[in-house]
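The shown structure was predicted, so the numbers you read here are calculated from the model rather than taken from an experiment. Sequential numbering from 1 along the given sequence is applied to the chain's residues. Just so it is clear, the values below take in all heavy atoms, side chains as well, and ignore hydrogens, waters and symmetry mates.
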Amino acid sequence: MTAWTEASPAAAHHKGGHWLDGQMHPMGRAIFAGLVIGGLIYAGASIIIDTQQVGETLALGVFLFLGVALLIALGFEFVNGFHDTANAVATVIYTHSMPAPLAVVWSGFFNFLGVMMSTGAVAYSIITLLPVDLVLHVGSAAGYAMIFALLLAAVGWNLATWYVGLPNSSSHALIGSVLGVGLANQLLSTAPGGTSGVDWAQAQKVLSALLFSPLVGFVGAFLLLLALKRLAPNPTLYREPEGQSPPPRGIRALLIFTCTAVSFAHGGNDGQKGMGLIMLILIGCAPTAYALNRTVPESATPAFIQTSAVAEAAFARQAGGQRPAIDAARAALTETLRTRHIAPPKTYAALATLSHDVAEKIATYGAIAKVPAAATPNLRNDMYLVLDVAKLLGKDEGARAAMSAADLDAVGKYAGLLERGTRYIPDWVKVAVALALGLGTMVGWRRIVVTVGERIGKTHLTYGMGASAELVAASTILLAERFGMPVSTTHILSSGVAGASVANGAGLQRRTVRNMLLAWVMTLPAAMALSAGLYWLMLTAVRAAGY
């Protein structure tokens with residue numbers, strides 16, 4: 001890929017003292033530096049407090065290792081900020097609705113809010129793509145190699161495409177990196193019967209969302225602009241701005257609203273990707289503090305025990321009288337997740353055994369918060385196994401046919417409580433990711449803004465085009481978050497701008513569209529190859545060192 005060279009009418013305006021070229025005020029730089037330092041201190045202090053509260057002492061080497069891993073994970077979100085969030089401010093900047101410095105700060109703030117109000121569903125939908133044996137043993141050498149390989153691959157590809165101003169998708173880069181590690185893990189396995197690789201059922205679901213969302217962006221923005229022209233035939237909406245004058249008050253309010261909506265939606269969806277990676281790092285380095293959700297109140301324990309007993313009875317009805325030992329049950333459920341295949345009555349018997357053991361331990365301790373350090377990793381892994389196999393039951397046609405509606409409902413409720421106990425995001429992680437995403441927007445936004453604002457259509461972005469593209473993008477991203485699906489803000493919004501350009505009668509710049517399609521096609525295999533290669537190198541190195 002090469003840097004952008006094809007000029008456009010708007011690009012000519014950009015050259016020579018464009019309003020995008022202003023430098024950040026010294027006071028702004030001081031505030032930026034203060035936020036970065038304050039965020040890092042807050043994250044470090046939170047880790048120390050969390051680990052001390054549960055009696056876990058991190059060795060200096062482990063703490064430094066954890067710090068490096070977190071910096072790389074937050075670096076991914078920082079790069080995501082100036083890669084993806086820049087799309088949100090392109091329309092308000094190029095229609096002169098907001099000055100560029102104010103627009104990026106405004107967008108960064110609403111990205112922050114979006115992250116803070118997110119649910120975490122997207123974060124764990126990506127984690128479920130990872131090989132089950134690496135997730136269960138994320139604190140092993142292979143687990144650390146997995147985390148560093150996928151992070152470095154995603155960040156590296158994002159930086160390369162940002163450098164040439166290409167609206168590449170951070171989501172594609174991260175998911176490609178995850179898939180690359182999964183494939184490499186399967187190919188490099190020396191264990192009898194192999195080891196787990198990619199969950200292709202989940203991957204198909206995730207990739208379908210990434211594939212179809214840009215088409216929704218193009219078609220949606222195309223149809224919305226045509227509808228606007230019929231319902232609001234104000235010619236001002238469909239003309240490019242005159243000079244550097246701001247648009248009329250009502251149009252300006254509309255464009256600021258759509259920029260705000262895209263920024264908020266982007267924070268809620270893309271911010272979760274970094275959260276999931278950070279939780280893997282924390283679970284690997286400080287399992288006592290982060291492997292279980294110790295914020296679950298003690299008052300919730302009786303309901304958990306009761307729900308577990310009902311679910312255990314439902315599993316036992318399909319177990320054919322079998323009751324394997326604990327280790328055999330773990331092995332059976334691990335195999336079920338590796339093959340994604342329910343094997344009655346063996347799977348049901350293993351579920352009954354492990355569910356009983358989990359409930360018995362939590363009842364003995366009195367609450368998840370009281371689980372001792374030595375028992376935390378095993379209990380978390382057991383809960384993880386039961387949770388994911390229980391979810392698999394809900395999707396399996398044979399299981400749905402064999403179990404009654406009441407039993408399926410009981411299993412679903414049990415899975416919800418297991419999820420609450422194992423899949424959570426501490427507030428400080430949300431704050432750290434939100435800061436990284438928001439601050440990233442304020443640093444490297446210019447390159448992507450120029451591409452979206454000047455180099456997709458052959459004419460300058462109009463008010464109607466910008467509003468249509470952003471309304472469709474915000475709606476699509478928020479809907480995807482509702483269903484826990486990762487999507488690409490970059491591809492949805494840039495496709496929306498292309499659709500609105502066509503609807504407005506403007507042509508598309510062939511070179512830009514070609515390069516965008518090229519990035520869309522290349523990102524997944526390139527990220528997969530990078531992460532697979534890095535995983536192999538790192539795993540070889542740690543094995544050679546005897547770990």
With no hydrogens and no angle check, do the side chains of Thr376 and Arg294 hold a donor and an acceptor under 3.5 Å apart? yes

Any side-chain heavy atom of Ile49 sitting closer than 4.5 Å to one from Ser46? no

Verify side chain to side chain contact (heavy atoms under 4.5 Å, CB included) between Ile147 and Leu277, making sure each step is shown before the conclusion. CA-CA 7 Å; Ile147 291 170; Leu277 297 175; 6.0 Å; no

Using a 4.5 Å cut-off on heavy atoms from C-beta on, say whether the side chain of Met403 contacts that of Tyr348. yes

Separation of Ile425 CD1 from Gln272 CD (nearest 0.5 Å): 7.5 Å

Considering all heavy atoms, the nearest Leu530-Ala153 contact: CB-CB, 3.8 Å

Find out whether Phe315 and Leu393 are in side-chain contact, i.e. whether some heavy atom of one side chain is under 4.5 Å from a heavy atom of the other. yes

Salt-bridge contact Glu298-Lys370 (side-chain N to carboxylate O under 4.0 Å): yes

Polar contact flag, side-chain donor to acceptor under 3.5 angstrom, Ser177-Ser531: no

CG-NZ distance between Leu418 and Lys391, expressed to the nearest 0.5 angstrom: 10.0 Å

Test salt bridge (Lys or Arg N to Asp or Glu O under 4.0 Å) on Asp388 and Arg340; report intermediate values, then the result. CA-CA 10 Å; Asp388 276 23; Arg340 314 304 296 181; 5.5 Å; no

I need the Tyr424 OH to Met279 CE distance, nearest 0.5 Å. 4.5 Å

Residues, nucleotides or ligands: over 12 heavy atoms within 6.0 Å of Lys413 NZ: no

Is there a side-chain contact between Val542 and Met538 (heavy atoms, below 4.5 Å)? no

Consider side chain to side chain contact (heavy atoms under 4.5 Å, CB included). Of Asn158, Leu150, Ile278, which one does Phe76 pass it with? Asn158

Look at atom CZ of Arg323 and say whether more than 12 heavy atoms of other residues, nucleotides or ligands are closer to it than 6.0 Å. yes

Report, one line per pair, each donor and acceptor closer than 3.5 Å where one atom sits in a side chain of residues 427-440; sequence neighbours left out.
from   : atom 1 : to     : atom 2 : distance (Å)
Trp428 : NE1    : Asp50  : OD2    : 3.2
Lys430 : NZ     : Ser118 : O      : 3.0

Distance col, row Arg330:CZ vs Leu354:CG, nearest 0.5 angstrom, shows 6.5 Å

Student check: side-chain heavy atoms of Lys346 and Thr336 closer than 4.5 Å: no

Value rounded to 0.5 Å, distance of OG in Ser355 from CD in Glu360: 12.5 Å

If you look at every heavy atom in Ala474 and Ala265, which pair is closest and at what distance? O-CB, 3.9 Å

Correct closest heavy-atom pair for Val262 and Ala473 would be CG2-CB, 4.3 Å

So do the side chains of Val487 and Thr476 get within less than 4.5 Å of each other, counting heavy atoms only? no

Using modelled atom types only, decide if a donor and an acceptor are shared between the side chain of Asn111 and the backbone of Ser107 within a distance under 3.5 Å. yes

Salt bridge (Lys or Arg N to Asp or Glu O under 4.0 Å) between Arg400 and Glu397, worked out: CA-CA 5 Å; Arg400 295 182 68 84; Glu397 292 184 6; over 6 Å; no

Are Pro214 and Val216 close enough that some pair of their side-chain heavy atoms sits under 4.5 Å apart? no

With distance as the sole test, does Ser495 use its side chain to make a donor-acceptor pair with the main-chain N or O of Ile492 at under 3.5 Å? no

When you look at Leu71 and Leu40, which way does the side chain to side chain contact (heavy atoms under 4.5 Å, CB included) test go after all the steps? CA-CA 9 Å; Leu71 282 176; Leu40 293 176; 3.7 Å; yes

So CZ of Phe264 and CD of Glu481: to nearest 0.5 Å the spacing works out to 7.5 Å

Does Asn269 reach the main-chain N or O of Met485 with its side chain, forming a donor-acceptor pair under 3.5 Å? yes

Stepwise, does the ring pair (Phe, Tyr, Trp, His ring centres under 6.0 Å) test hold for Phe65 with Phe148? CA-CA 11 Å; Phe65 181 89; Phe148 277 103; 5.3 Å; yes

Distance to the ring centre below 6.0 angstrom and angle to the axis at most 45 degrees; does that hold for Arg380 and Tyr384? yes

Could you report the tightest heavy-atom contact between Ala415 and Ala390, atom names first, then the distance? CB-CB, 4.4 Å

The side chain to side chain contact (heavy atoms under 4.5 Å, CB included) partner of Val386 among Asn381, Thr422, Leu333 is Leu333

Is Thr353 reaching over with its side chain to a backbone N or O of Pro324, donor-acceptor style, under 3.5 angstrom? yes

Starting from the C-alpha separation in whole Å, work towards a yes-or-no answer on side-chain hydrogen bond (donor to acceptor under 3.5 Å, both in side chains) for Glu470 and Thr258. CA-CA 6 Å; Glu470 290 202 320; Thr258 59; 2.8 Å; yes

A side-chain contact here means heavy atoms from C-beta on lying under 4.5 Å apart; do Leu151 and Ile281 qualify? yes

Identify the heavy atoms of Ala359 and Ser308 that sit nearest to each other, and give their distance. CB-OG, 3.3 Å

Evaluate side chain to side chain contact (heavy atoms under 4.5 Å, CB included) for Ile47 paired with Phe63, printing each intermediate quantity in order. CA-CA 9 Å; Ile47 293 171; Phe63 188 79; 4.2 Å; yes

What pair of heavy atoms forms the shortest contact from Pro287 to Cys285, and how long is it? CD-C, 3.5 Å

Hey, is the main chain of Gly274 close enough, under 3.5 Å, to the side chain of Glu77 for a donor-acceptor pair? yes

Could you walk me through whether Ile368 and Phe304 pass the side chain to side chain contact (heavy atoms under 4.5 Å, CB included) check? CA-CA 10 Å; Ile368 288 179; Phe304 179 86; 5.9 Å; no

Strictly distance-based, threshold 3.5 Å: is any side-chain N or O of Tyr290 a donor or acceptor partner for the main-chain N or O of Leu280? no

Side chain Asn293, main chain Arg420, donor-acceptor under 3.5 Å: yes

